[in-house]
Amino acid sequence: MEKSRTLVFFGAHPDDESFGPGSTLAKYALSGVKVYVVCSTGGEAGTVTPEHMKGFASVGELRAKELDCAAKALGLTGLIKLGYRDSNMRGTPDNKRPDCLAMAPIDEVAGRMVKIMREIKPDVVITHDPSADYGHPDHVATHAAAVKAFHAAGDPKQYPSAGPAFQPGKLYFGVRPRGSWRLMVKLMPLFGQDPHHAGRNKDIDMTKMVGIEYPIHAIVRLPKQAIEVRYRAAACHASQGGGRGPMRGPFMIIRLMEKLRGPRDYFMRAWPPPTGKRREKDLFQGLPQ
Ligand SMILES: [Zn+2]
């Protein structure tokens, strides 16, 4: 019998799993892979309109519920919330709170991730790209800790209290082809969007992302069903604009981009170091059975 495969995505906020590699997570879950999401923060600093707050005491409570909904939609085997507070952007008061992820020592965060890797034994680990997408401190911290944890998990001398060593096989960063960013930055003003202050929380400078290019080592083709599941998961994050609803705002542009680049997710392989020019089509490619 074929060994069952395990994949884990380390994301910073509730919604990163669905707005990011959600279709890939859904595709693998649909094919019987055990898929886990580890979410570093509660997304407490997200902007939420009062209509979404009905029935919730706090933004954190609302976003936890939205994440649970997305986990169910994606067919996850497990969802793990690390429980750090959202660090918001640099220069905001949230960013200096002692309970936020940006203030947590990287060794502590990585140690918790090592423990998870040793428990769930993933074949493949995915996290944010090295620029941490748009410089959000939580993306930066999640990326750094996940990379550290990936390389430490197999070493019994590191984090000995986090369980017996286990080395995951492959590490990927979710990336977007630069051409699609360029086009998006050009298109945004046509839809009344400022590329310097994009996103629901107006904290994404898309023009910065255009200057960074990551190599693409794997292109995962996405079946229709996986894309549909991803939309359902994104719709769970209604407070962050994930609903299908009227086609407006930044999500209209993201959807337009999706149409243009086709049903594919793009990944940079961080480990093992890539060799040759052939792009992988499957994140589990080359792993021992
Ligand atoms: Zn995020």
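All ligand and atom numbering here is 1-based and tracks the order in the structure. Being a predicted model, the structure only gives us computed values, none of them experimental.
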- Describe, in one word, how the ring planes of His13 and His139 are oriented to each other, choosing from parallel (under 30°), tilted (30 to 60°) and perpendicular (over 60°).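 Rings of His13 and His139: tilted, as their planes differ by 30° to 60°.
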- Tell me, which pairs form a salt bridge (charged side-chain N to carboxylate O under 4.0 Å, His left out) where one or both residues lie in residues 23-32, sequence neighbours left out?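 Listed once each, the pairs would be none.
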- Which residue pairs pass the salt bridge (charged side-chain N to carboxylate O under 4.0 Å, His left out) test when at least one of the two sits in residues 28-40, sequence neighbours left out?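 Qualifying pairs: none.
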- Message: How close do Ala153 and Arg118 get, counting heavy atoms only, and between which atoms?
- Response: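 The answer is O-NE, 2.9 Å.
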- Query: Can you tell me the N, O or S atom of His13 that's nearest the Zn ion (ligand 1)?
  - Reply: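 It is ND1 of His13.
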- Query: From the Zn ion (ligand 1) out to just under 2.8 Å, does an N/O/S atom of His139 turn up?
  - Reply: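 Looking at His139, which is the residue asked about, there is an N, O or S atom under 2.8 Å from the Zn ion (ligand 1).
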- Query: Is the Zn ion (ligand 1) less than 2.8 Å from an N/O/S atom of Asp16, whether that atom is in the backbone or a side chain?
  - Reply: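 Yes, Asp16 qualifies, because one of its backbone or side-chain N, O or S atoms lies under 2.8 Å.
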